[in-house]
There are 4 protein chains.
Amino acid sequence: MKRNKPKYKQIIDAAVVVIAENGYHQAQVSKIAKQAGVADGTIYLYFENKEDILISVFRERMGYFVEKMKEVIAGKETAAEKLLVMIENHFNILSRDRNLAIVTQLELRQSNKELRMQINEVLKEYLHVVDDILRFGQAQDEFDKNMDIRLARQMIFGTIDETVTTWVINDQKYDLTALAPAVHKLLLNGCALR
Amino acid sequence: MKRNKPKYKQIIDAAVVVIAENGYHQAQVSKIAKQAGVADGTIYLYFENKEDILISVFRERMGYFVEKMKEVIAGKETAAEKLLVMIENHFNILSRDRNLAIVTQLELRQSNKELRMQINEVLKEYLHVVDDILRFGQAQDEFDKNMDIRLARQMIFGTIDETVTTWVINDQKYDLTALAPAVHKLLLNGCALR
Amino acid sequence: MKRNKPKYKQIIDAAVVVIAENGYHQAQVSKIAKQAGVADGTIYLYFENKEDILISVFRERMGYFVEKMKEVIAGKETAAEKLLVMIENHFNILSRDRNLAIVTQLELRQSNKELRMQINEVLKEYLHVVDDILRFGQAQDEFDKNMDIRLARQMIFGTIDETVTTWVINDQKYDLTALAPAVHKLLLNGCALR
Amino acid sequence: MKRNKPKYKQIIDAAVVVIAENGYHQAQVSKIAKQAGVADGTIYLYFENKEDILISVFRERMGYFVEKMKEVIAGKETAAEKLLVMIENHFNILSRDRNLAIVTQLELRQSNKELRMQINEVLKEYLHVVDDILRFGQAQDEFDKNMDIRLARQMIFGTIDETVTTWVINDQKYDLTALAPAVHKLLLNGCALR
DNA sequence: CATGAATGAGATTTCATTCAT
DNA sequence: GATGAATGAAATCTCATTCAT
């Protein structure tokens with residue numbers, strides 16, 4: 001069950017490809033094994049069960065996601081700038097790994113409640129990053145101090161997520177990253193005229 | 001296959017209860033039949049197949065949803081007011097039918113891609129309502145005319161959806177409807193200080 | 001259960017049409033009822049069960065078959081002539097009622113062993129007709145007296161049956177009746193040169 | 001899906017036994033699996049689906065049939081002798097494998113049209129053997145050159161088939177092979193006195 | 001460490017038949 | 001006599017997981 005052996009990554013990568021190409025319900029363990037170039041039984045030397053593969057896909061990739069986010073955010077001075085690079089990076093990473101986009105936005109959502117709960121656990125880390133930006137913005141007098149942090153986080157995450165999902169459903173046929181500034185503006189200022 | 005016979009509604013209602021209580025993947029046709037108080041075979045006098053039951057759950061309830069929305073929205077003068085009653089009603093309807101909330105926010109999303117496509121078809125009607133409010137707001141000089149309608153709609157729907165889902169995941173333990181004004185304010189003004 | 005009421009015949013006729021058009025396994029009772037223009041339940045006022053419909057189809061039509069045979073055979077003097085008109089009539093009747101041909105040669109043979117046993121019971125009458133011709137031929141010194149009647153009957157029936165079945169399988173695209181003289185000659189003289 | 005692994009034959013053999021003992025419609029996959037001493041799922045490692053098992057039963061056994069025929073026929077000089085050994089062997093093989101006789105003469109004929117079409121495809125090979133004998137006989141001036149090959153083949157096959165079926169229906173209670181010379185004589189010379 | 005053949009539980013759907021009206 | 005809505009039993013096939021090699 002060593003997570004640093006090469007076959008571990010191999011299987012995770014294979015799972016992303018297989019799920020993206022076949023859909024969640026057609027991603028059988030034997031297909032993942034074949035794509036990874038290992039025997040079916042070998043999967044179980046590295047993962048507890050099928051659910052463990054899926055949650056691991058999310059954890060590994062989302063871990064990279066959050067690390068990346070923290071890095072680029074730290075490099076910015078204002079909350080507005082931090083929010084912008086976060087959105088840009090979110091869009092950018094998924095634009096570049098289109099299979100991952102399909103898997104996280106469409107396929108993995110078909111998993112059962114229990115798996116989704118675990119995925120939410122992983123997501124929390126990402127939500128903390130959003131919260132940090134929001135609190136930082138309030139402290140810097142950039143953001144409204146009366147604003148409910150939890151609701152604002154739901155707005156930010158919900159908007160980003162819905163935007164990416166719509167892009168995936170439309171077969172990724174437009175430039176997602178290009179939408180970042182407009183989304184950023186909307187999240188900062190809302191719909192109303194100023 | 002008549003949709004106005006009492007058993008049709010009876011089965012739809014049973015499906016909502018069974019899915020909410022057992023989860024999507026444990027909602028066997030025989031469980032739904034038992035809950036509805038009919039024989040398994042009777043289900044197939046009213047629905048083509050299992051998928052048809054699930055689609056119908058969504059269509060029937062969402063149909064009511066959209067009708068209700070259009071009604072309350074028409075009664076308001078400004079875009080801001082229209083948006084507020086839309087959010088209030090969305091939250092309110094799901095607050096009152098907690099099983100439906102579980103089914104739409106968590107369970108039905110586990111369905112396969114094809115079923116989700118059909119659900120999206122039903123959802124489009126709701127998204128049109130949002131679009132109408134946004135365009136109305138622009139025409140009335142309440143909303144920013146440079147705003148991308150599609151992105152704004154994604155923000156509004158994404159925020160509402162994420163808020164409801166979070167509430168469901170947290171076992172519906174707080175008052176969802178009470179959040180409507182704060183969500184409304186966020187959507188109108190964003191996070192930034194004015 | 002009166003067999004002389006008009007609906008009895010109506011249902012038999014409907015059964016032939018439905019089986020010919022849909023095949024044995026797709027000939028549901030409800031389809032037959034619809035074709036006959038009666039309610040499903042009405043079927044059971046005239047027939048014990050589905051099997052009874054099928055066996056009745058065979059009995060009614062084959063009854064006519066045998067009557068016809070006896071009639072035309074009685075009008076001929078020699079065994080050879082009797083055999084010829086029997087073959088001609090067999091081919092002719094099925095040529096004219098192509099649905100019946102499909103039903104007797106292909107579809108009804110898919111029925112279960114029990115039903116086929118009953119059909120064989122009905123067929124026996126027809127086989128007796130053949131036996132009568134054979135014995136008459138032997139008495140008249142037209143046919144070989146050492147010949148095993150049972151085997152000869154199997155040859156005659158088997159040949160006729162196989163010929164009709166082949167014609168049905170080939171979509172009845174050639175003139176079956178035209179084959180009667182050649183089949184007759186073969187049955188009388190065999191393959192060997194004289 | 002390897003056809004040379006021992007379990008492949010094992011399942012075919014089990015299918016013959018189960019179908020013969022229970023009838024076509026009562027030959028569930030689970031019964032066949034049990035008879036073969038494997039798990040239900042194992043069946044599907046060797047066969048596409050249930051129909052594939054049935055086709056394979058026919059193909060495997062009929063393949064042996066045709067091979068055997070060609071062999072014994074090649075060893076004879078005259079068309080008459082060839083025909084005789086063909087009939088003898090046909091009767092003999094089915095006499096020795098009585099379950100197979102039940103399956104081919106009664107049970108497999110209950111299959112749906114599609115399966116029967118496939119079975120006919122396999123049968124064609126056998127019919128070619130008959131045709132070859134007939135043409136050989138004509139070339140050797142043993143058989144009537146004016147004879148329609150197709151009709152003669154239908155007579156031969158129809159007679160043999162009907163003879164075997166009658167024997168099976170009568171519970172195989174007489175010696176089928178003993179009938180071969182008489183059947184042979186009938187096919188060569190017909191019913192008529194010479 | 002790695003393999004892959006074997007396992008076996010579990011669910012949708014059809015359709016002959018009934019019976020209250 | 002006639003209706004037709006309701007019944008409910010029954011069977012194929014999939015696929016995650018194991019374990020002998």
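Protein chains get the first letters and strands the later ones, always in sequence-line order, with residue 1 at the start of each. Quick caveat, the model's predicted, so the values are computed rather than measured.
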(request) List in chain and number order the residues that pass side chain to side chain donor-acceptor pair (under 3.5 Å) with D/Gln10, two or more places apart in sequence or in another chain; answer none if no residue qualifies. (result) none
(message) Suppose we screen for salt bridge (Lys or Arg N to Asp or Glu O under 4.0 Å). Which residues come up paired with C/Lys9, at least two apart in sequence or across chains?
(response) C/Glu60
(message) Rounded to whole Å, please give me the gap between NZ in B/Lys34 and C1' in F/dT7.
(response) 16 Å
(request) With sequence neighbours excluded, tell me which residues meet salt bridge (Lys or Arg N to Asp or Glu O under 4.0 Å) with A/Glu121. (result) A/Lys124
(message) Please evaluate residues B/Asp13 and B/Arg61 with respect to the criterion salt bridge (Lys or Arg N to Asp or Glu O under 4.0 Å), reporting the C-alpha separation (whole Å), side-chain torsions for both, the decisive distance (0.1 Å), and the verdict.
(response) CA-CA 10 Å; B/Asp13 291 344; B/Arg61 299 296 174 101; 2.8 Å; yes
(request) Classify the nucleic acid contact of A/Lys7 as base, sugar-phosphate or nothing, counting any heavy atom under 4.0 Å across all strands shown. (result) sugar-phosphate
(request) Can you sort out the partners of D/Thr42 under side chain to side chain donor-acceptor pair (under 3.5 Å), two or more places apart, ordered by chain and number? (result) none
(request) Sequence neighbours left out, what passes salt bridge (Lys or Arg N to Asp or Glu O under 4.0 Å) with C/Arg59? Give chain and number order. (result) none
(request) Could you tell me the separation between the CD1 atom of D/Ile43 and the C1' atom of F/dC13, rounded to a whole number of Å? (result) 11 Å
(request) Report the distance from atom OH of B/Tyr8 to atom P of F/dA5, rounded to the nearest whole Å. (result) 17 Å
(request) Go through E/dG8, E/dT3, E/dA2 for me and flag the one nearest to the A/Ala39 side chain. (result) E/dT3
(request) Mind checking ring pair (Phe, Tyr, Trp, His ring centres under 6.0 Å) for B/Phe58 and listing every partner two or more places apart, or none if nothing turns up? (result) none
(message) Please give the distance between the P atoms of E/dC1 and F/dT21 as a whole number of Å.
(response) 23 Å
(message) Please tell me if D/Tyr46 has a side-chain N or O lying less than 4.0 Å from either OP1 or OP2 of E/dA6.
(response) yes
(request) Look at all strands and tell whether B/Lys31 reaches a base, only sugar-phosphate, or nothing, counting heavy atoms closer than 4.0 Å. (result) nothing
In a table with atom names and distances, give each donor-acceptor pair under 3.5 Å that connects a side chain of residues 19-26 of chain D to protein atoms at least two apart or in another chain.
{"unit_1": "D/Asn22", "atom_1": "ND2", "unit_2": "D/Val18", "atom_2": "O", "d": "2.8"}
{"unit_1": "D/Gln26", "atom_1": "OE1", "unit_2": "D/Gln28", "atom_2": "NE2", "d": "3.3"}

(message) Do the side chains of D/Asp40 and D/Lys34 get close enough for a salt bridge, i.e. N-O under 4.0 angstrom?
(response) no
(request) Return the value, rounded to whole Å, for the distance between atom CD1 of C/Ile32 and atom P of F/dG4. (result) 17 Å
(request) Any chance you could list the contact pattern along nucleotides 15-21 of chain E? Use B for base contacts, S for sugar-phosphate-only contacts and - for none, protein heavy atoms under 4.0 Å, 5' to 3'. (result) SSBB---
(message) Can you give me the dot-bracket string for DNA chain E, 5' to 3', counting Watson-Crick and G-U wobble pairs with both distances under 3.5 Å, using [ ] for crossing pairs and | for partners on another strand?
(response) .||||||||||||||||||||
(request) Figure out the CD1/P separation between D/Ile11 and E/dA5, and round it to whole Å. (result) 14 Å
